[in-house]
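The figures here come from the full heavy-atom set of this structure, side chains too, leaving out hydrogens, waters and symmetry mates.
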Amino acid sequence: MFRFGEPIYLYLLLIIPLLVVFYVYTNYRRRKKLRQYGDPELMAHLMPNVSKYRPDVKFWLVTIALVMVIFMLARPQFGSKMETVKRQGVETVVALDISNSMLAQDVTPSRLEKSKKLVSRLVETFNNDKVAMIVFAGEAFTQLPITSDYISAKMFLETISPSLITTQGTDIRGAIDLAMKSFTPNEGVGRAIVLITDGENHEGGAVEAAQQAAEKGVRVFVLGVGSPDGSPIPVEGTNDFRRDKDGNVVVTKLNEQMCQEIAKAGKGMYVRVDNTNNAERALNAEINKLAKADVETQVYTEFDEQFDVLAWLALILLAVDVMLLNRKNPLFKNVKLFKQD
């Protein structure tokens, strides 16, 4: 298979016809002026060392060399080679709570936005690791299947909002169960579930789910977002707060006890998220302790670069052009490279 790595440079070939037309025109003008001075055959006898065809040969040598350089810049690639790339890392599933309570602003700018920034910085620290994203409220669903495409991970992260799930609540057990189904079947890989929530679990069974995950070798880390003192939940697009059926402002509190119980059952770690980066640093340190193993073996085809052949051709043509004089060389006057010289 043949292709060009930088095909845009091929547009430079459009200047070659212009150069040829310009050279033919100037050559015609030059010979026309010579005919004005006298008979061409007589002038040829008066200037025996002047070559009629060497300037043309030198022009075509330089032109062809220029074409070679243009093709070289376009990076011609021919054939292919197979390489096996082994990646060693861990697998992390981020389960992010997007219930309405995550809109509370007891951390800046809000619980949800703080969590999204934390996950974004976490992904930036990954190298050969894999990551998946799950969002949950009254139910859980996969936002991003497990992948090593960190650009897509950050792009999907930006689209997360409470509007993704209409069923409100906090089904932590459902999020952990779905996370367990998101890992690859690779063996020996360190696996972790990073649960980011305010701990207001309305469904039950979260501690049991974390314990089951730990029994299968998956550690559950819990990042508690919010304040134990509580904060009202703003209504998006207004200056008001969410209220209960009696008209009272709803106050959402971080349930640290629940978060700590889940982390303990999952043999992980609980960290409270505040306006500092302490939670991020602590989580990175724990994930780095996980066992790294082959998470992906990728076989891909890479084209072989062929520009060096064109570079040598261009160099040879330019060297011949330099050595070829515009006029006949008296040392080689008996050598008839050009029959009509």
How close do [X] and [Y] get, counting heavy atoms only, and between which atoms?
X: Ala192; Y: Leu290; answer: CB-CD1, 3.6 Å
X: Met258; Y: Val207; answer: SD-CG2, 4.4 Å
X: Tyr150; Y: Asn127; answer: OH-O, 2.9 Å
X: Asn27; Y: Asp56; answer: ND2-OD1, 3.5 Å
X: Asn255; Y: Gly199; answer: CB-O, 3.3 Å
X: Ala209; Y: Ile176; answer: O-CG2, 3.8 Å

Compile the donor-acceptor pairs under 3.5 Å between side chains in residues 101-108 and protein atoms, sequence neighbours left out, one pair per line.
{"from": "Ser101", "atom 1": "OG", "to": "Ser99", "atom 2": "OG", "distance (Å)": "3.0"}
{"from": "Ser101", "atom 1": "OG", "to": "Asp198", "atom 2": "OD2", "distance (Å)": "2.5"}
{"from": "Asp106", "atom 1": "OD1", "to": "Arg111", "atom 2": "NE", "distance (Å)": "2.9"}
{"from": "Asp106", "atom 1": "OD2", "to": "Arg111", "atom 2": "NE", "distance (Å)": "3.3"}
{"from": "Asp106", "atom 1": "OD2", "to": "Arg111", "atom 2": "NH2", "distance (Å)": "2.7"}
{"from": "Asp106", "atom 1": "OD2", "to": "Ser227", "atom 2": "N", "distance (Å)": "2.9"}

Tyr28: hydrophobic cluster co-members (side-chain, 4.5 Å):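 Members other than Tyr28 - counting any ILVMFWY side chain reachable under 4.5 Å - there are none.
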Would the number of heavy atoms belonging to other residues, nucleotides or ligands and lying under 6.0 Å from [atom1] of [X] be above 12?
X: Phe126; atom1: CZ; result: yes
X: Glu124; atom1: CD; result: yes
X: Asp246; atom1: CG; result: yes
X: Leu18; atom1: CG; result: yes
X: Leu14; atom1: CG; result: yes

Worked check of side-chain hydrogen bond (donor to acceptor under 3.5 Å, both in side chains) between Asn186 and Thr184: CA-CA 5 Å; Asn186 296 332; Thr184 68; 3.3 Å; yes
Could you check whether any side-chain heavy atom of [X] comes within less than 4.5 Å of a side-chain heavy atom of [Y], counting everything from C-beta outward?
X: Val189; Y: Lys130; answer: no
X: Val194; Y: Thr92; answer: yes
X: Asn128; Y: Gln88; answer: no
X: Pro109; Y: Lys117; answer: yes
X: Ile172; Y: Asp97; answer: no
X: Asp129; Y: Ile287; answer: no

To the closest 0.5 Å, what do you measure between [atom1] ([X]) and [atom2] ([Y])?
X: Thr166; Y: Gln168; atom1: OG1; atom2: CD; answer: 8.5 Å
X: Ile98; Y: Thr170; atom1: CD1; atom2: OG1; answer: 10.5 Å
X: Leu178; Y: Lys181; atom1: CG; atom2: NZ; answer: 7.0 Å
X: Ile160; Y: Ile165; atom1: CD1; atom2: CD1; answer: 9.5 Å
X: Ile316; Y: Ile64; atom1: CD1; atom2: CD1; answer: 13.0 Å
X: Ile16; Y: Ile70; atom1: CD1; atom2: CD1; answer: 4.5 Å

Let me check something: do [X] and [Y] share a hydrophobic cluster, defined by ILVMFWY side-chain heavy atoms less than 4.5 Å apart, either directly or through other members?
X: Leu61; Y: Trp312; result: no
X: Met68; Y: Leu315; result: no
X: Ile15; Y: Met72; result: yes
X: Leu318; Y: Leu73; result: no
X: Met180; Y: Leu195; result: yes

Evaluation steps, side chain to side chain contact (heavy atoms under 4.5 Å, CB included), between Phe71 and Leu13: CA-CA 9 Å; Phe71 277 116; Leu13 292 174; 3.9 Å; yes
CA sep, side-chain torsions, deciding dist, call: Asn284, Arg281, side-chain hydrogen bond (donor to acceptor under 3.5 Å, both in side chains): CA-CA 5 Å; Asn284 289 341; Arg281 288 193 291 268; over 6 Å; no
NZ/NE/NH1/NH2 to OD/OE distance under 4.0 Å, Glu91 and Arg191: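 Looking at Arg191 together with Glu91, the answer is yes, because their closest N to O distance falls below 4.0 Å.
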Pairing of Glu113 and Lys116 as salt bridge, 4.0 angstrom limit: yes
Counterpart residues, side-chain contact (heavy atoms from CB on, under 4.5 Å), relative to Val235 (two or more places apart): Thr238, Arg242
Side chain to side chain contact (heavy atoms under 4.5 Å, CB included) between Thr63 and Leu19, intermediate numbers included: CA-CA 8 Å; Thr63 301; Leu19 292 176; 5.6 Å; no
Lys289/Glu286 under salt bridge (Lys or Arg N to Asp or Glu O under 4.0 Å): CA gap, chis, key distance, verdict: CA-CA 5 Å; Lys289 295 178 182 178; Glu286 290 299 316; 3.2 Å; yes
Name the atoms and distances for all side-chain donor-acceptor pairs under 3.5 Å in residues 131-146, with sequence neighbours left out.
{"from": "Gln143", "atom 1": "NE2", "to": "Phe156", "atom 2": "O", "distance (Å)": "3.3"}
{"from": "Gln143", "atom 1": "NE2", "to": "Thr159", "atom 2": "OG1", "distance (Å)": "3.0"}

ring-ring contact (aromatic ring centres under 6.0 Å, His included) against Tyr23, all qualifying residues, sequence neighbours excluded: Phe59
Residues 260-274 side chain polar contacts: donor-acceptor under 3.5 Å, at least two apart:
{"from": "Glu261", "atom 1": "OE2", "to": "Gln257", "atom 2": "NE2", "distance (Å)": "3.4"}
{"from": "Tyr270", "atom 1": "OH", "to": "Glu256", "atom 2": "OE2", "distance (Å)": "2.8"}
{"from": "Asp274", "atom 1": "OD1", "to": "Thr276", "atom 2": "N", "distance (Å)": "2.9"}
{"from": "Asp274", "atom 1": "OD1", "to": "Thr276", "atom 2": "OG1", "distance (Å)": "2.5"}

Worked check of side chain to side chain contact (heavy atoms under 4.5 Å, CB included) between Arg243 and Asn248: CA-CA 5 Å; Arg243 302 175 182 272; Asn248 300 316; 5.9 Å; no
CA sep, side-chain torsions, deciding dist, call: Val94, Val123, side chain to side chain contact (heavy atoms under 4.5 Å, CB included): CA-CA 10 Å; Val94 177; Val123 171; over 6 Å; no
